J.: 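Just passing along the structure, written as structure tokens.
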Amino acid sequence: MFESLKPVGLDPILSLMIAFREDPRTTKVDLGVGVYMDDRGRTPVMNAVKRAETKLMALENTKSYQGIGGDAEYNKHMLALLLGASHSVIGSGRTTSIQAPGGSGALRVGAEVITRARPNAKLWVGVPTWPNHVPLLGSAGFEIKEYPYYDMETRQINADLMMETLRSVPAGDVVLLHGCCHNPTGADLTNAQWDEITEIALERGFLPFIDTAYQGLGDGLEEDAYGMRVMAEKLPELVIASSCSKNFGLYRERTGSITFVTKNADDAKLVLGQAMSVARQMYSMPPAHGALLVSLILGDEELRSEWTTELEEVRLRILSMRTLLADSIQDNALGMDFSHIKRQKGMFSFLGVKPEHLVRLREEFGIYIVSSTRINLAGINSSNIKYLSDSIRTVLNG
Ligand code: LMR
């Protein structure tokens, strides 16, 4: 029967990751997939994670099934990490959160629950967005609509057009927002813009669905949560998909969670039942290891403080690479301005060069960049910055 299948290409980000691994050149530079790398080009296991693993080895006395919603302690800690332990909505009975297989699993559970509640809801995504958002969420049955987000010319958010479009979103539709460290542009909403979108959501009656995969990598753990927290405070309903891949470095452990804020405690119970039913139908139960580590870290003062220190080092290293790259390739003579890289947040920015430049960078210099020109700033380090900036300048100089 399988001969009837049509060939399908691999996801562009993941196929770039494979091409990079297969490139034998020792000078190659990986600015593709969104994975943190330190100054030695490694993606290390955080010390807090290592210590939690040692603790877990001693504590863990069963590998029996955990349950559809995952680890209850993890769910409590994640809610507090996202919304802040003293947030008014926590303890009101209006929130429910379950563990999910990574941020992608969380997004999908959220989408399935929403489409069960409102089968005709349309999902509004910003342009551009993470390329997998559309297939991942569209497969849950959403019709996809778009709102303008980033202006390639000015290299910043096109706030006027974005707000104007959001003002036309019908009640009951869903608007996807990036919590912080926008992927792929690095252009984040200001607190005032979050306030404005919250007001529009209230007026129009649409449901914000926030994808937050980089809390702590932008302005800081608390600062990066502003949008989620203000929406949870002011709106009757909200959905948040979160990931521990980047801020705990737990990529392959597939550690995420899906959180719902509902109008009242009865709705929260309904949503929890539906989320568990969706999970059971798709993957039955989430993997345990990563969530148990996060739970141990967030539940222990010393481990938590070690983790926040390490996360801050990650954030500051990426920030310093932003400045280093932008200053190294700035070329006023060529009329090219790269100062947006310094202003933006998190792992990514668009380099903003032409497609033929990307091809040359990859073929001649072994520099791997996603076709949108999105670069992962964490792929830059003190050993490759000169090679990288010289290569970019060579290519731009024609
Ligand atoms: C990315 O955007 O590069 C990461 O989130 C990895 C992925 O799955 O695409």
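Note that the numbering runs from 1 along the sequence shown for the chain. Just so it is clear, the model here is predicted, and its values are computed rather than measured. As the structure lists them, so they are numbered: ligands from 1, and atoms in each ligand from 1.
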J.: Judged on heavy-atom distance to atom 8 (O) of ligand 1, which of Tyr251, Phe348, Trp130 sits nearest?
T.: Trp130
J.: Would you say the ring centers of His340 and Phe350 fall short of 6.0 Å from each other?
T.: no
J.: Checking contacts here: is it the side chain or the backbone of Arg374 that comes within 4.0 Å of ligand 1, counting heavy atoms only? Could be both or neither.
T.: side chain
J.: Which bit of Asn183 gets closer than 4.0 Å to ligand 1, counting heavy atoms only: side chain, backbone, both or neither?
T.: side chain
J.: Asn381 side chain to Asp38 main-chain N or O, any donor-acceptor pair under 3.5 Å?
T.: no
J.: What atoms in ligand 1 come closer than 4.0 Å to a heavy atom of Val33?
T.: 3 (O), 6 (C)
J.: Any donor-acceptor pair under 3.5 Å linking the side chain of Tyr387 with the backbone of Phe365?
T.: yes
J.: Quick check: does Gly32 get an N/O under 3.5 Å from an N/O on ligand 1?
T.: no
J.: On the six-membered ring of Phe142, is Lys122 placed so that its NZ or CZ lies under 6.0 angstrom from the centre and within 45° of the ring axis?
T.: no
J.: Do Cys181 and Met347 have side chains that get closer than 4.5 Å, going by heavy atoms?
T.: no
J.: Have a look at ligand 1 and work out which part of Lys246, if any, has a heavy atom under 4.0 Å from it: side chain, backbone, both or neither.
T.: side chain
J.: Run the contact test for Ile13 against ligand 1 with a 4.0 Å cut-off on heavy atoms, strictly below, and give the result.
T.: yes
J.: Under the 3.5 angstrom rule, does the side chain of His87 hit a backbone N or O of Ala232 as a donor-acceptor pair?
T.: no
